Structure formats: structure tokens, C-alpha cells
Enquirer: 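Structure incoming, see below.
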Amino acid sequence: MTAINLKTAFALLLVFVTGVTSTAQALSNRVTFPKDFDQMVMYGDYRRGSGGELAYALPETLRIAKSGEPLPAGTRLVLEIYSGGSLTDYFVMEKGQGWGQEVSEEFRTGDWHFQQFDTNKQVRRTAIAERCETCHQGAASNDFLFTYDRMLSFVP
């Protein structure tokens, strides 16, 4: 290969790789662990034996749900997951403006994305979203939330 052909080939490869990376990032999971988790309140207790889940939301999120307004973009809900009597994981649902458009219609759950975090609040795995989406699709009438009834009945 001549120097010019090599430069052209490298430039094309760079454009291709950058394009693929940009597409992958656009489709990636955007959920972050809430910095304000310490301000959240537990509104749902789903413990069973030595395992189960505790559901958390900000007081403002619960107020909005009780008012009948749709939960806005930026809403985060957290489940603490327990097994054998110990905290093992966090699952976070986060709603973002237009995020549903990034997911194929067959897996879409409104504008919600899902992520699993370890007990140090670091991403544990990135492939859990598909499992969450599939299950949460059954709760479309409640904004894809299984804990919506607990939000409505929560008393501080």
C-alpha cells in the first residue's frame, strides 16, 4: 500500500469505528445510581423470609404519584435486593426524556431504563435491562411500575 492509500484506509477505518462507537453509546444504558439516595424514603417492603426487596423513592416522587400526575423525566426508583439476610444488589429504574425511543418497540417500557448496581453502588452488569423490560411491559397501565399501588398508599 502506498502512503496515501494507507492514510485513506486509516481515515475510513477511523470514521467507521467512530460511527459504530457513537451508535453503541447512543443505545447504551443511561441509568446512574442516585446521588440523593440518602434522601429517599422506603415506600415498599417486599421481604420474604431472609430475602426480598425494599423500594425507595424521593418524597417528591411519591407526592407526584399521589397527585395523579405522570412521573417526570429524571425520576429514579431504587430496589434494595436482599438474600440470606444481607444486601446483595440495588436495582435502579430511571426515566429520561425520549429514552424509550432508544429501545425497540417490542422491549419499550415508556421512557424507563434499568440497571443493576453492587453494594458499592457500582454497575454490576449492563445486560439486565432486557429482563427488566420484558417483565415491566406487563405494568404499562401503571407507567410500567409494579410498586405504583404502594406509592399511592404510602403514608410517611
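Note that this is a predicted model, so its numbers are computed, not measured.
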Enquirer: Parallel under 30°, tilted from 30 to 60°, perpendicular over 60°: which one fits the rings of W99 and H113?
Expert: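 Ring orientation, 0 to 90° scale: tilted.
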
Enquirer: Under 4.5 Å between side-chain heavy atoms, counting indirect links through other Ile/Leu/Val/Met/Phe/Trp/Tyr residues: same cluster for L77 and V41 or not?
Expert: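 Yes; V41 is reachable from L77 via cluster members.
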
Enquirer: Linking I/L/V/M/F/W/Y whenever their side-chain heavy atoms sit closer than 4.5 Å, directly or via other members, would M40 and V92 fall into one cluster?
Expert: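 Same cluster.
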
Enquirer: Which label fits F146 and H136: parallel for a plane angle under 30°, tilted from 30 to 60°, or perpendicular past 60°?
Expert: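 F146 vs H136 ring planes: tilted.
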
Enquirer: Taking Q115 for the side chain and F33 for the main chain, is one N or O donor matched with an acceptor at less than 3.5 Å?
Expert: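 Such a contact is absent between Q115 side chain and F33 backbone.
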
Enquirer: State, with a plain yes or no, whether a side-chain heavy atom of K35 is found less than 4.5 Å away from one of K121.
Expert: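 They are not in side-chain contact.
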
Enquirer: Got a sec: does the CZ of R47 have more than 12 other heavy atoms crowding it under 6.0 Å?
Expert: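 Open: at most 12 neighbouring heavy atoms sit under 6.0 Å from CZ of R47.
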
Enquirer: Is V78 reachable from V123 through a run of hydrophobic residues whose side-chain heavy atoms are each under 4.5 Å from the next?
Expert: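 As far as the 4.5 Å side-chain criterion goes, V78 and V123 are connected within one cluster.
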
Enquirer: Using only atom types and a distance under 3.5 Å, with no angle test, would you say the side chain of E94 pairs donor to acceptor with the backbone of T32?
Expert: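 Yes, the answer is positive, given that a donor and an acceptor are paired below the 3.5 Å cut-off.
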
Enquirer: Give the minimum heavy-atom separation between A73 and Q97, together with the two atoms involved.
Expert: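 Shortest heavy-atom contact: CB-N, 3.5 Å.
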
Enquirer: Measuring from F91:CZ to I81:CD1, what's the distance to the nearest 0.5 Å?
Expert: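 Answer for the CZ-CD1 pair, F91 versus I81, is 5.0 Å.
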
Enquirer: Same cluster for Y46 and F114 if Ile/Leu/Val/Met/Phe/Trp/Tyr side chains link at under 4.5 Å?
Expert: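 No, separate clusters.
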
Enquirer: Locate the shortest heavy-atom distance separating L145 from W112; write the atom from each residue and the value.
Expert: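 So the two residues come closest at CD2-CZ2, 3.9 Å.
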
Enquirer: Any donor and acceptor pair, going by atom type alone, linking the side chain of R108 with main-chain N or O of V103 inside 3.5 Å?
Expert: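 Present.
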
Enquirer: About how many Å separate CG of D111 and CE of M93, when rounded to the nearest 0.5 Å?
Expert: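 These two atoms lie 11.0 Å from each other.
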
Enquirer: Would a distance-only check, ignoring hydrogens and angles, find a side-chain to backbone donor-acceptor pair under 3.5 Å from R76 to D36?
Expert: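 A pair under 3.5 Å: no.
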
Enquirer: To the nearest 0.5 Å, tell me how far M42 CE sits from Y56 OH.
Expert: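 Separation between the atoms: 5.5 Å.
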
Enquirer: Report whether L58 and L54 are members of the same hydrophobic cluster (ILVMFWY, side-chain heavy atoms less than 4.5 Å apart, transitive linking).
Expert: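 Yes, one cluster joins them.
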
